[in-house]
S.K.: 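My questions will all concern the structure given below.
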Protein chains: 2
Amino acid sequence: MAGRNESNRSITNVAALANVSIATVSRVLSGKRTKDDDIARRVRAAAEQLDYSVNYAASALRSTITNTIGLIIPSATETFSAQLLDEIEPTIDVDSQQLLLGIGADQEAQGERMASLVARHVDGLIVVPAAGADLTEVLERYAGTLPIVQVGGRQRSFHTSMVGLDENAAMEMVIGHLADQGIESVAYMAGKEISFESAELFAMFHTQVRAHHLRTQPDWNRFGERSVQRGFDCAMRLFSEPLVQPEAVVCADDTIAFGMMVALHALGLRVPQDVLIVGYNDSPIASTTMPTLTSVRPPFQQIVSEALRLIALGPERPAHISLPPRLIIRDSTVVPNGSR
Amino acid sequence: MAGRNESNRSITNVAALANVSIATVSRVLSGKRTKDDDIARRVRAAAEQLDYSVNYAASALRSTITNTIGLIIPSATETFSAQLLDEIEPTIDVDSQQLLLGIGADQEAQGERMASLVARHVDGLIVVPAAGADLTEVLERYAGTLPIVQVGGRQRSFHTSMVGLDENAAMEMVIGHLADQGIESVAYMAGKEISFESAELFAMFHTQVRAHHLRTQPDWNRFGERSVQRGFDCAMRLFSEPLVQPEAVVCADDTIAFGMMVALHALGLRVPQDVLIVGYNDSPIASTTMPTLTSVRPPFQQIVSEALRLIALGPERPAHISLPPRLIIRDSTVVPNGSR
DNA sequence: TTGTAAGCGTTATCAC
DNA sequence: GTGATAACGCTTACAA
């Protein structure tokens, strides 16, 4: 409870106690003074004794550095954004920065949140675009003002940075792993048809299927939304009729995979003995389903550190970075010995 | 792109254009001036024309109102916090406030985040305590400084506000609904044993079981963590042996319920024909499981509006509020006609 | 390297 | 109700 007197809380008091000027206090505490001599120690001791911490408002007003990072996500209930949040908050906190969060489920809301955060003079902005949102215009508008990093989605502005997944590497891992398991045919449950991204992933899928001499069929592969319901419906259609059926299914999202697994169970088909399933995004429940779900895990830690690094570089040098994900192999793609 | 000239962005320019003093501009734009006369209109027009928005740092420095709300949660991947986030962000934004987010998975981390946010002079602090965290000390420390609202968990400080669920009402709804379905026996999968909260809920469970003339057995009811794995294990133990088995299970969290449903499926028992299952927290996947899961849904909207109202009241009048949840009835507790 | 002093853009105070 | 002006707490030229 020492030093909790409100009037003690300004840099002037620290300076008085340490017997130096407020300028020196400022320089020592902000690290703009190299030496670690007696003066520096005295200042730090005084600051601690008075329980002093800078007034960020005053600091921001003078220096235009606010020590805040803005993050815009479509929703916290979406696992990619949630996992990114959990990873980014502690990392930012280490630099004694703070996270200003904006949530926008569509293009318009995301644009509004960007405007608000830019008005707050955040030091940098990280944006996870909502599905189908085209943020080109807003991104371009603020690109010169502050460093902006888009995470995931399709890059649309060459004036802002981008950190994304190396989807080619991901698809190669997935199909390669399935081929290793000895399957010969595979289906793909893609994302929304309208998205250019989905189409590109779809092309990668076909490339890898050919590369590994696997088989697929046009009517196996579908575009659609990323939901449990969609996975369920697709599996019902794909596996309930006595047609030729794929031995494995690659899903554009874990939610789709969950739906499929429920449907397969209902149809009496076993995962992985009858069908192998691969998900995407490695949501927290992937490790708790029965069987546990093999899934592509975005490298959240690297995504965060790269995004923050690009922000630290400033708005002048935008860069585009692709990071390879990891394939988390679980029970849904590993057939128990000889039981196939 | 009108008025995007950086030098136009201060209150001085607005005052010059509107031909009034900066004091008047400040008063008009901050709503501290009652009349809506020609002057007010002129000021607003000038502000719009120059694309002016207040510099929050300067405003905060002078007035000690920062227009920021701090929110501390244990993790974004936990559905209660995620749903709260999605509800709180747009509500705050309406008042042109911003959300400063802190994530702390345990007592210590939450305490640190509280200190950071208090140092930022947030206008109010909303805290969702981590499981098992005792925040009494930190809450008390800052209670006089700024309004603090604890959401959920056990109230431990009478100097801070609290918004929680009316657990009695919840339990009454759940057991009442199960009784209406014609069952006679019920088990309860509680939360952690050490938590006083769990013990209290457990007592409420017993009270309601008696009130509705249902039956339960000590060895049916267990304390444990809120995880899918725990639910699975408990169901396996409870239903795999040919003992007397409950006709319904109430779970302290949806995750436990998911685990139970997977286990029951594996054991060849049908939900809801053989066993009724009720979850808690109405996580987004509750509506997508097979069968869909009946769950207690916290009134997120009310929680948020009450929390913000208490913050607006200031730190001087802490209040404790209990809100009744809703029971979202889905397939896991509704037996199809005559199939039981 | 250190101290002095000038602001940063706003709101609060005071006199009118 | 309005305008002039001080003050908020800090960072950064600039001078020493």
S.K.: Taking atom P of C/dG7 as reference, at what distance in whole Å does atom CG of B/N55 sit?
M.R.: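 In whole Å, C/dG7 P lies 18 Å from B/N55 CG.
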S.K.: Looking just at side-chain N and O atoms, do B/N281 and B/T79 make a donor-acceptor pair shorter than 3.5 Å?
M.R.: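 Side chains of B/N281 and B/T79: no pair found under 3.5 Å.
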S.K.: Heavy atoms only: give me the nearest A/Y142-A/M114 pair and the separation to one decimal.
M.R.: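 That would be CD1-CE, 3.9 Å.
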S.K.: Can you measure A/H121 atom NE2 to D/dC10 atom P for me and round it to whole angstrom units?
M.R.: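 To the nearest whole Å, that distance equals 19 Å.
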S.K.: Nearest whole Å is fine: how far is C/dG3 P from A/R42 CZ?
M.R.: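 Spelled out: CZ on A/R42 to P on C/dG3 is 9 Å.
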S.K.: Rounded to whole Å, please give me the gap between CD1 in A/I39 and P in C/dT1.
M.R.: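 The distance from CD1 of A/I39 to P of C/dT1 comes to 10 Å, rounded to the nearest Å.
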S.K.: Looking at the rings of B/F158 and B/H320, which for Trp means the six-membered one, are their centres under 6.0 Å apart?
M.R.: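 Yes, the ring centres sit under 6.0 Å apart.
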S.K.: Among D/dC10, C/dT2, D/dT2, find the nucleotide with the atom closest to the side chain of A/T24.
M.R.: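 My answer, after comparing the listed nucleotides, is C/dT2.
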S.K.: Please list residues of residues 56-66 of chain B whose heavy atoms come under 4.0 Å from any atom in DNA chain D, ordered by number; otherwise none.
M.R.: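 Within this stretch, B/L61, B/R62 sit under 4.0 Å of the strand.
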S.K.: What integer distance in Å separates B/N19:CG from D/dG3:P?
M.R.: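 Distance, rounded to whole Å: 9 Å.
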S.K.: Go nucleotide by nucleotide along DNA chain D from the 5' end; which of A/T12 and A/R27 gets its closest nucleotide reached first?
M.R.: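 Result: A/T12.
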S.K.: Is A/K32 close enough to D/dT12 that one of its side-chain N or O atoms is under 4.0 Å from OP1 or OP2 there?
M.R.: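 Indeed, a polar side-chain atom of A/K32 lies that close.
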S.K.: With the side chain counted from C-beta on, respond yes when A/P298 and A/P325 share a heavy-atom pair under 4.5 Å apart, and no when they do not.
M.R.: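 Answer no - side chains too far apart.
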S.K.: For the pair made of CD1 in B/I11 and P in D/dC8, what is the distance, rounded to whole Å?
M.R.: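 Between P of D/dC8 and CD1 of B/I11: 19 Å.
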S.K.: Take B/V20 and B/V14, measure what side-chain contact (heavy atoms from CB on, under 4.5 Å) needs, and give me the verdict at the end.
M.R.: CA-CA 9 Å; B/V20 292; B/V14 178; over 6 Å; no
S.K.: Roughly how many Å is it from CG in A/D38 to C1' in C/dT2, rounded to a whole number?
M.R.: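 The answer, rounded to whole Å, is 15 Å.
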S.K.: Can you find a side chain N or O atom of A/S26 that sits less than 4.0 Å from OP1 or OP2 on D/dT11?
M.R.: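 Yes, within the criterion.
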S.K.: Look at all strands and tell whether A/I22 reaches a base, only sugar-phosphate, or nothing, counting heavy atoms closer than 4.0 Å.
M.R.: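 Counting heavy atoms under 4.0 Å across all strands, the contact made by A/I22 includes a base.
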S.K.: So which heavy atom on A/L117 is nearest to which on A/G102, and how close?
M.R.: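 Between these two residues, the closest heavy atoms are CD1-N, 4.5 Å.
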S.K.: Run the side-chain contact (heavy atoms from CB on, under 4.5 Å) check on B/T68 and A/R120 step by step: do they pass?
M.R.: CA-CA 10 Å; B/T68 50; A/R120 292 260 172 186; 3.5 Å; yes
S.K.: Could you tell me how far apart A/L50 (CG) and D/dG9 (P) are, to the nearest whole angstrom?
M.R.: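 My rounded result for the distance is 14 Å.
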